[in-house]
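Structure record follows, encoded as structure tokens.
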Amino acid sequence: MSETWYPVIDYERCTGCGVCINHCSHGVYGNDNSKPVVIFPVGCVHGCRGCQKRCSSGAISYAGDNGRQQSGGCCCTKPC
Ligand code: SF4
Ligand code: SF4
């Protein structure tokens with residue numbers, strides 16, 4: 001769990017496809033009229049980029065990202 005790493009959505013880019021909401025199994029996202037809303041940021045796994053990698057719009061960045069974190073910290077049962 002992380003208080004210093006969580007997704008930030010660029011709503012100018014987000015198409016509302018729902019891929020990120022459906023992918024994350026940590027309860028980070030809620031759904032507001034098909035747009036993702038980060039409702040549980042501390043549930044995000046530090047270093048995970050699972051939803052970012054699946055966002056075809058490039059709408060997901062991370063608070064706390066200094067460009068050095070590598071994916072692989074996630075404990076999802078889904079491949080991240
Ligand atoms: S995957 Fe990207 S485009 Fe789709 S809902 Fe999430 S942030 Fe928006
Ligand atoms: S980075 Fe991983 S844990 Fe965090 S919201 Fe995306 S899929 Fe969920």
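The model shown is predicted, which means the values in this text are computed figures rather than measured ones. Atoms within each ligand, like the ligands themselves, are counted from 1 in listed order.
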> For atom 1 (S) of ligand 2, which of C24, C48, G43 has the closest heavy atom?
Replying inline: C48
Let me have the donor-acceptor pairs involving side chains of residues 32-45, under 3.5 Å, with sequence neighbours excluded, atom names and distances please.
{"unit_1": "K35", "atom_1": "NZ", "unit_2": "C14", "atom_2": "O", "d": "3.0"}

To the nearest 0.5 Å, what is the distance between [atom1] on [X] and [atom2] on [Y]?
X: I9; Y: S57; atom1: CD1; atom2: OG; answer: 10.5 Å
X: C17; Y: R54; atom1: SG; atom2: CZ; answer: 12.0 Å
X: H23; Y: C48; atom1: NE2; atom2: SG; answer: 6.0 Å

> V19 and I60: same hydrophobic cluster, using ILVMFWY side-chain contacts below 4.5 Å?
Replying inline: no
Taking only heavy atoms of [X] into account, list the atoms of ligand 2 that are under 4.0 Å away from them.
X: H26; value: 3 (S)
X: H23; value: 7 (S)
X: V45; value: 3 (S)
X: Y62; value: 1 (S)
X: Y29; value: 5 (S)
X: V28; value: 5 (S)

> Angle class for the Y62/W5 ring planes (parallel below 30°, perpendicular above 60°, tilted otherwise)?
Replying inline: parallel
> How does Q52 reach ligand 2, if at all, at less than 4.0 Å between non-hydrogen atoms: by side chain, backbone, both, or neither?
Replying inline: neither
> Under 2.8 Å from atom 2 (Fe) of ligand 1, how many protein N/O/S atoms can be counted?
Replying inline: 1
